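Presented below is the structure to which this report refers.
All values below come from the heavy atoms of this structure, side chains included, with hydrogens, waters and symmetry mates left out. If you're wondering where the values come from, they're calculated on a predicted model, not measured in any experiment.
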Amino acid sequence: YEELAYAISSEAQLGTDDEFGVAANILTRLQTGKYGGSIGEIIRAPGQYEGVYTGRSRYSPDIVARLKSPEGQAKINEFIGTLDGRTEFKGQSMLRNRVASEDPMFSSGGNFYHYAGQ
């Protein structure tokens, strides 16, 4: 949870469902086995999570608590299903490239999620 929260602290729109979307994205990557064998490897892979490699991420007990809560656990599981194997996401600066019918968002000010190669 600490490593998930570390990435979320700089990659998600904080205080919104986008936190659980980023967690679901990282866990989806872990499930594929193509991005690394641990959450730490995945979030620290070169060029993958900008907030991590630029030093903006912070460990956050508050985010950990939200992820561990029954509501947080339910949302992560639900959002893994919604992602349906999507391993990539883009932020607001790339919103013009979003295909609303194909690329889910969990918060209007957060990220949108898409398949690799899309």
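- A pairwise comparison of heavy atoms in Arg66 and Phe20 identifies O-CE2, 3.6 Å as the closest pair.
- Hydrophobic cluster membership differs between Ile39 and Tyr53, with clusters built from Ile, Leu, Val, Met, Phe, Trp and Tyr side chains linked at under 4.5 angstrom.
- Side chains of Thr87 and Tyr115 form no contact here, defined as non-hydrogen atoms less than 4.5 Å apart.
- Judged purely by atom type and a 3.5 angstrom limit, Asn111 uses its side chain to pair as donor or acceptor with the backbone of Glu11.
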- Item | Candidate pair Leu14 and Asp62, rule side-chain contact (heavy atoms from CB on, under 4.5 Å), full reasoning | CA-CA 11 Å; Leu14 299 180; Asp62 292 336; over 6 Å; no
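- With contacts defined as side-chain heavy-atom distances shorter than 4.5 Å, the pair Leu4/Glu2 does not qualify.
- Counting only N and O atoms by type, the side chains of Arg56 and Thr54 include a donor and acceptor under 3.5 Å apart.
- Not a single donor-acceptor pair under 3.5 Å links the side chain of Asp103 to the backbone N or O of Arg98.
- Between Tyr113 and Phe106, the distance separating the two ring centers is shorter than 6.0 angstrom.
- Residues Ser10 and Glu50 are not in side-chain contact: their nearest non-hydrogen atoms beyond the backbone lie 4.5 Å or more apart.
- Here Glu3 pairs with Arg44 in a salt bridge; the nearest charged N to carboxylate O distance falls below 4.0 Å.
- In this structure, Ile63 and Tyr1 have side chains that are not in contact, with every pair of non-hydrogen atoms separated by 4.5 Å or more.
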- In sequence, state the C-alpha distance, the side-chain angles, and the governing distance for Ile26 and Leu30, and then conclude on side-chain contact (heavy atoms from CB on, under 4.5 Å). CA-CA 6 Å; Ile26 294 167; Leu30 183 62; 5.7 Å; no
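- If you chain together hydrophobic residues whose side chains sit under 4.5 Å apart, Phe112 and Ile80 never meet in one group.
- Of all non-hydrogen atoms in Asp18 and Ala12, the two that sit nearest each other are OD2-CA, 3.3 Å.
- The side chain to side chain donor-acceptor pair (under 3.5 Å) search around Gln48 returns Arg29, not counting sequence neighbours.
- Taking every heavy atom of both residues into account, Ser69 and Gly72 meet most closely at OG-N, 2.9 Å.
- Proximity of Glu88 to Gln118: side-chain heavy atoms (C-beta onward) are nowhere separated by under 4.5 Å.
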